[in-house]
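Inspection log for the structure reproduced underneath, given as C-alpha cells.
Remember, predicted model here, so these are calculated numbers, not experimental data. Atom set for the values below is all heavy atoms of this structure, side chains included, hydrogens, waters and symmetry mates excluded. Chain letters run A, B, ... following the sequence lines, proteins first, then strands; residues in each count from 1.
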Amino acid sequence: MEGSVAELRETFKSGRTRSVAWRKNQLKALLDLVNENEESIFKALHQDLGKDPVESYRDEVGVIQKSVSYSLSCLDKWVAPKKGELPLLFFPAKGQVLPEPLGVVLIFSSWNFPITLTLDPLIGAISAGNTVLLKPSELAPASLSFLIETIPLYLDNKAIKVIGGGADVGERLLKLKWDKIFFTGSPRVGRLVMTAAARYLTPVTLELGGKCPAIMDALSSPSKTKVAAKRIVGGKWGPCTGQACIAIDYLLVEDKIASTLIELLKKTIKRFYGENIKDLKSISRIVNKHQLQRLHNFLKDPHVAASVVYGGSVNEEKLVIEPTILLDPPLDSEIMTEEIFGPLLPIITLKNIEESIEFINSKPNPLVIYAFTEDETFKKRILSETSSGAVTFNDSMVQFLSDTLPFGGVGQSGFGRYHGKYSFDTFSHEKAVMHRAFFPELEPRYPPWNDFKLRFLKLAYRFDYFGIILLLIGLKRS
Amino acid sequence: MTIVSAAAAAALFKDCTRCFKFSSIVGVGLGGTLTYRHTYKINRVHFSGSIPSSYYCCATLSITMEEVKPTFDVDKAAVLVNEMRKTFSSGKTKSYEWRMSQLESISKMIDEKEKEIIEALHKDLSKPELEAFLSEVETSMATYPSSAEIVSEPLGVVLVISTWNFPFLLSLDPVIGAIAAGNAVVLKPSEIAPATSSLLTKLLGEYVDESAIRVVEGAVRETSALLEQKWDKIFFTGGARVGRIVMAAAAKHLTPVTLELGGKCPAVVDSNVNLQVTAKRIIAGKWACNNGQACIGVDYIITTKEFAQKLIDSLRSVLEEFFGKDPMESKDLSRIVNSFQFMRLVNLLDEDKVSDKIVFGGQRDESQLQIAPTILLDVPEDSLIMQEEIFGPLLPIMTVEKLEDSLDMINRKPKPLAAYLFSDDEQIKSKFVQNISAGGIAINDTVLQLTVSGLPFGGVGESGMGSYHGEFSFDAFSHKKAVLYRSFAGDAPTRYPPYTPGKQKQMKALVSGNIFNIILALLGWFRD
C-alpha cells in the first residue's frame, strides 16, 4: 500500500498530471470506461443492490457521463488564471488567482451509489490535476471488483489507483499523509477521517447525511398534488429504496390533508413498484443483513409498529423491506431520531404547516430540505429560517443532477462541496499571485518612521488618492 | 522577577540530561509566563583541541500573575456558547442593519481609540457586500424547467482564535468577516500580547453588541475549554502545532475550520534586478515587518553564488539607512515578543556550524528582548535555522549555482504561506509561479499581497487551509446554500417507474442535454 502511495507521489512530482492534455485524456478515458461497460455496471449494481438498469442509468451511469462531458467542456476555462483586482496604489501591478492541484488525494466512497460516489469526485480530482487513490466501499463488492478490474484498463495506472478492503485498510490509509481527503459516508466515520487528517493538516471535504425532511403544503389543484405525490414517492423509494443521503427521510404535513395524501402515496407506490412484497419491481433492495436488521429494529418498537399504515413486511432472506408508511410514530423513537436510510417513511402531522420550520430546526442540519408549496412567503421563511446543505422547492432529488449548484452539507451533514466547477475547486489550491514592478517606489513604506509616513499610510489605506496628492504637495493637515 | 523559590526553579530542571553543572537560574517573564533558564558550559571536542561553549536549557512555567479571577473552564465555555447560540437563533445577527451597525461601531472604535491602539497596524476596512448574496445560476437541461440560486447564510456561532504578532489585525480582520456574514462571534486573542488582549476586551465591550460578540481572554486552559465546545466554524491563526490540535478538536463536532498557519517563506533573488529597490523591499518584508515575526515575512533568501555578496552589501547599506548605524538603538524595530521566543532565536543562532556563518549583526540584548538584524551566509540545510520557521530578525542567505536550483530547495520543504521572487526574467518568473506551491506568490515585492482584498489570503499544505480577506472573508464564514425552484409543469413520466427500456432511452437523451435527442426521445417514446 505504501508503495502505491509513494508511486502516486512520484507521478505527481513528475508534473505529468498537471498538463491539461493529460487531464482531458483521462476524462475521455473515463467516459469510454463508462460508455463501454454499461452492461457490466448494471450487472454489478443489480448484484450489490438489486438496482434496475433504469435506476442505475439515471443515478450512476448517466450522472457520470454527464459530469465528465461537462468537465471536459469547461476544463480550459477552469484552469485559466482569474484576474484579481488590485488597487490603483500598487500600479503598475497585476494580480491573479491561479488554481493548482493539491497533490495526492484520497477518495472514500460509500456503498449506496458505488459508481457515482467514486467516479464523480474522481472527475474533480483529475480535472484539477491531482493523482488519486480511490477507496470504494467493500459493502458493494461487485461494484468494487468492477472498479478494481476496469479502471487500470482505461486510466493512467501510475496516477489513478483503486484499493479494496474494509475498515482496516481505511485505517491504514488514514495514517498516511495526503494532500486532500474526500469522504462520503456517515458522520461517525467522518469524525474519524477528520481527526486523522488533522495530524497532517490535510484539508477534507465531508459529504455526510442527515434526516432530509419533505414539507408538504396544501396545493392549489389535485393535479399538482398528484405530481407532488409522485415526486415524494420518487424521492423516497426511487434512490436505492431510500438508502441515499438525499432521499426524503420523513414527511411533514398538515393533519387536514394527511389522509388524502397518504391515500395518494399508497396508490402511487402500488403503481410504481407493485402491490405486495412478493411482486416488487423497479426498486432496489437493502444492501446487506446488517442494514436490514437495523431497519427492522426500527419497526420492532411497538409504538412504531402500531403507527404503520402501509407496508411493513420484511423478507430477511431476500433482503427486502416493502415501501412502508408510518403515521405519527413517537417523536423520540429511534426512527425519528436517527437517519433512516431505508424504505420507511414516517409522516408527521402538524396543526399548521408553518410549524415544520421549528420541527426541522430541532434536528441537526440536513443535507437537503424539500418543500412542496406554492406560498411564496412560506418559501422565503424556509430559506431564511432553516439551514441545510440545499433546498429544493416542489421536487426531490433533482438538485443532485445540476452541474452549476454546489452539492454539500452544513453542520452535521458535512462541509465542502462538489459537482461541476465545485469539484474542480475542491481539489485545487487557489494561489494568489501578485506581480509588481520596481517603479514607482512608495517611500512611506520604509523606515525610519515619521509622522508624514503615518499620515500617508492612513490616506493610502482609505484609498484617498486625492488626499495623498494634497499631502505630497504639502497642503494636507492631519 | 522570580516568584518561585530557587529550589522549585531548580526542580524544573531535575530531569534535564544536559545539566552537568548548574551555573545560574534566571527567571525572565512577561505577561504571566515565566521562563526559567539555566546555563551550562561544556567543552566541545574539536580536532584542534577543546572549545568551551555555552548552552542554555529553558523551562517555561505559566503562572497567573493577575489577581485571582473566576476561572474560565469548560462549564463556563458551554454557558457562553449557549448564550451565543440563543442570540444567533433569535435571528438578530442575520439582519443587514445589525451587521452594518456592528461594523460601523468597530470602525468608530478604531478611529476614536487610535491612540490607545499602541500596536495597531493599519488595516483594511473595506466593507464586504452585506446583502444576502444572491446569484442567479444557470440550470441545465436535466433540471429544466427550473431556476436556481445560491444563497449565502451565516454558519452560526463561530470561534476566532488569533495570535500575538499582529494582535489587532489578526483578531479584528476575521471578526469583521464573521460579522459581515451574519454570525455570532467569540474572539480569543493571544495572551502573549496581553495589552492588546485586554484592550480588545475593553473596547469591544464598549462598542459592539455583547449578546453576539464576545472576547474570552486567557491561555491554554481557556482555549482548551473553548475548543471542547461545538462551534459552527473555527478560524485559527497561529502555528502548525496548535493548528493540528484545533483541527482535531473541531473534528469531534464536524466543525469546518480555516487555519492560517505559517512556514518558511523564501525570497529568491535574481541578478538582473534593481538591487536598491529589491533590498528595500526585502527589508520591508523582514525587519520592518514586526522584526521578522510575521507569517508572510521573508524567512530566508536564495540567490546565486556570484550575486550573494552584492546582495549582502546592498542589504547592509539599506539596513543602515532604515535603522541607523546601531540598529539595537533604533526605535523603528519591534522587539522580540517574550523571552521564550528570544531564547529560541538565540539557540538558532548559536547552533554549531551556524554561528560562524554570521556575516552581519548577531548582537543580542536579553534585557531589551532585542536581537539585531542578522544575516547569515550558507548555513547547513539541515541546521535548525533552516528547518524551523524562524519568526525573527535572522536572515539566512543560501546560495546556488544557478537560479533554477532554488526551486528544488524550496520544494524540498513544506509549502509556505508565501513565496517571493525578485527577477526581471519572464521565463524564471513563469517557472516560479508554475512550480512553486505556496499560499500566495509575489513577484518583485514582499508582503503586500496581504493588503489586497481582491486576492485570497491563505495557505496550502502545512501553511494552512481556507482563505480570507475581502469577499473571501465573507465566504469563509458563510454557507452557500443551493436552492432549486421547480414547477409542477414539465413532469416527464420518464422519471418514474415502472421502468422500461423506452424510459431508459428517454433518460439518456435527457441526461445528454442534447436538444435533438430529447425531442426524438419524446416523440418516439412518449408513453406512460
*Taking only residues two or more places apart in sequence or in another chain, which ones pass side chain to side chain contact (heavy atoms under 4.5 Å, CB included) with Asn450(A)?*
Phe452(A), Lys453(A)
*Segment of Lys431(A) engaging chain B (4.5 angstrom heavy-atom cut-off)*: both
*Checking Ala437(A) against chain B: side chain, backbone, both or neither under 4.5 Å from a heavy atom?*
backbone
*Select one option (side chain, backbone, both, neither) describing which atoms of Phe272(A) are under 4.5 Å from chain B's heavy atoms.*
both
*So which of Asn394(A), Thr392(A), Asp395(A) actually passes side-chain hydrogen bond (donor to acceptor under 3.5 Å, both in side chains) with Arg486(B)?*
Asp395(A)
*Using non-hydrogen atoms and a 4.5 Å limit, figure out which bit of Leu192(A) sits close to chain B: side chain, backbone, both or neither.*
neither
*Tell me, with the steps shown, if Arg244(B) and Leu201(A) meet side chain to side chain contact (heavy atoms under 4.5 Å, CB included).*
CA-CA 6 Å; Arg244(B) 286 179 170 82; Leu201(A) 292 170; 3.8 Å; yes
*Check: His253(B) side chain, Gln412(A) main-chain N or O, donor-acceptor pair, under 3.5 Å*: no
_What part of Asn274(B) gets within 4.5 angstrom of chain A, counting heavy atoms only: side chain, backbone, both, or neither?_
both
*asked:* Taking every non-hydrogen pair under 4.5 Å, which of Gly243(B), Ser437(B), Ala240(B), Ala284(B) racks up the most with chain A?
replied: Ser437(B)
*Lys252(B) backbone acceptor or donor facing Arg191(A) side chain under 3.5 Å*: yes
_Which atoms of Leu421(B) are under 4.5 Å from chain A, going by heavy atoms: the side chain, the backbone, both sets, or neither?_
neither
_Can you tell me which portion of Tyr200(A) sits under 4.5 Å from chain B's heavy atoms? Options are side chain, backbone, both or neither._
backbone
*Residue, of Leu219(A), Ile369(A), Val233(A), that accumulates the most heavy atom pairs under 4.5 Å with chain B*: Leu219(A)
*Where does Gln276(B) contact chain A at under 4.5 Å (heavy atoms): side chain, backbone, both or neither?*
neither
_Met247(B) versus chain A, the contacting section by heavy-atom distance below 4.5 Å_ = both
*Which atoms of Ser69(A) come close to chain B, meaning under 4.5 Å heavy atom to heavy atom: side chain ones, backbone ones, both, or neither?*
neither
*Under 4.5 Å from a heavy atom of chain B, the part of Thr386(A) involved*: both
*asked:* With chain A as the partner, which of Thr255(B), Ile245(B), Asn411(B), Asp232(B) has the greatest number of non-hydrogen pairs under 4.5 Å?
replied: Thr255(B)
*asked:* Counting only non-hydrogen atoms closer than 4.5 Å, does Ser330(B) touch chain A with its backbone (N, CA, C, O), its side chain (CB onward), both, or neither?
replied: neither
*Main-chain N/O of Glu441(A) paired to Lys280(B) side chain as donor or acceptor, under 3.5 Å*: no
_Contact class of Leu208(A) relative to chain B, heavy atoms under 4.5 angstrom_ = side chain
*Which atoms of Ile436(B) come close to chain A, meaning under 4.5 Å heavy atom to heavy atom: side chain ones, backbone ones, both, or neither?*
backbone
*Pick from Val246(B), Leu254(B), Asn444(B), Val277(B): which one has the most heavy-atom pairs with chain A under 4.5 Å?*
Leu254(B)
*Hey, are Glu153(B) and Ser387(A) close enough side-chain-wise for a donor-acceptor pair under 3.5 Å?*
yes
*asked:* Please rank Ala251(B), Gly454(B), Gly461(B) by heavy-atom pairs under 4.5 Å with chain A and give me the top one.
replied: Ala251(B)
*Looking at Gly439(B), Ser89(B), Gly156(B), Ala248(B), which has the largest count of heavy-atom pairs under 4.5 Å with chain A?*
Gly439(B)
*With chain A, which of Val273(B), Asp424(B), Leu259(B) has the greatest number of heavy-atom pairs at distances under 4.5 Å?*
Val273(B)
*Lys379(A) versus chain B, heavy atoms under 4.5 Å apart: side chain, backbone, both or neither?*
side chain
_Lys230(B), part contacting chain A, at a heavy-atom distance under 4.5 Å_ = side chain
*asked:* According to ring-ring contact (aromatic ring centres under 6.0 Å, His included), who are the partners of Phe393(A), at least two apart in sequence or on a separate chain?
replied: Tyr485(B)
*Heavy-atom distances under 4.5 Å only: say whether Arg199(A) touches chain B with side chain, backbone, both or neither.*
backbone
*chain B contact via Gln96(A) - side chain, backbone, both or neither, heavy atoms under 4.5 Å*: backbone
*asked:* Using only atom types and a distance under 3.5 Å, with no angle test, would you say the side chain of Lys481(B) pairs donor to acceptor with the backbone of Leu383(A)?
replied: yes
*Could you go through the side chain to side chain contact (heavy atoms under 4.5 Å, CB included) check for Leu455(B) and Met434(A) one step at a time?*
CA-CA 9 Å; Leu455(B) 291 176; Met434(A) 189 167 79; 4.3 Å; yes
*Examine whether an atom of Val318(B) lies under 4.5 Å from a heavy atom of chain A, and if so say whether it belongs to the side chain, the backbone or both; otherwise answer neither.*
neither
*Name the region of His435(A), side chain, backbone, both or neither, that has any atom closer than 4.5 Å to a heavy atom of chain B.*
both
*asked:* Any non-hydrogen side-chain atom of Lys94(B) less than 4.5 Å from a side-chain atom of Ser384(A)?
replied: no
_Just verifying a value: how many Å separate Leu98(A) CG and Gln434(B) CD, rounded to the nearest 0.5 Å?_
5.5 Å
*Passes side chain to side chain contact (heavy atoms under 4.5 Å, CB included), Arg281(B) versus Tyr446(A)? Steps please.*
CA-CA 8 Å; Arg281(B) 291 177 180 182; Tyr446(A) 306 115; 3.1 Å; yes
*Between Thr202(A) and chain B, which part of the residue has a heavy atom less than 4.5 Å away: side chain, backbone, both or neither?*
backbone
*Could you please spell out the steps behind the side chain to side chain contact (heavy atoms under 4.5 Å, CB included) verdict for Leu484(B) and Val391(A)?*
CA-CA 6 Å; Leu484(B) 187 62; Val391(A) 178; over 6 Å; no
_Please classify the contact between Ala250(B) and chain A as side chain, backbone, both or neither, with a heavy-atom cut-off of under 4.5 Å._
both
*Where on Ser223(A) is there a heavy atom nearer than 4.5 Å to chain B: the side chain, the backbone, both, or neither?*
neither
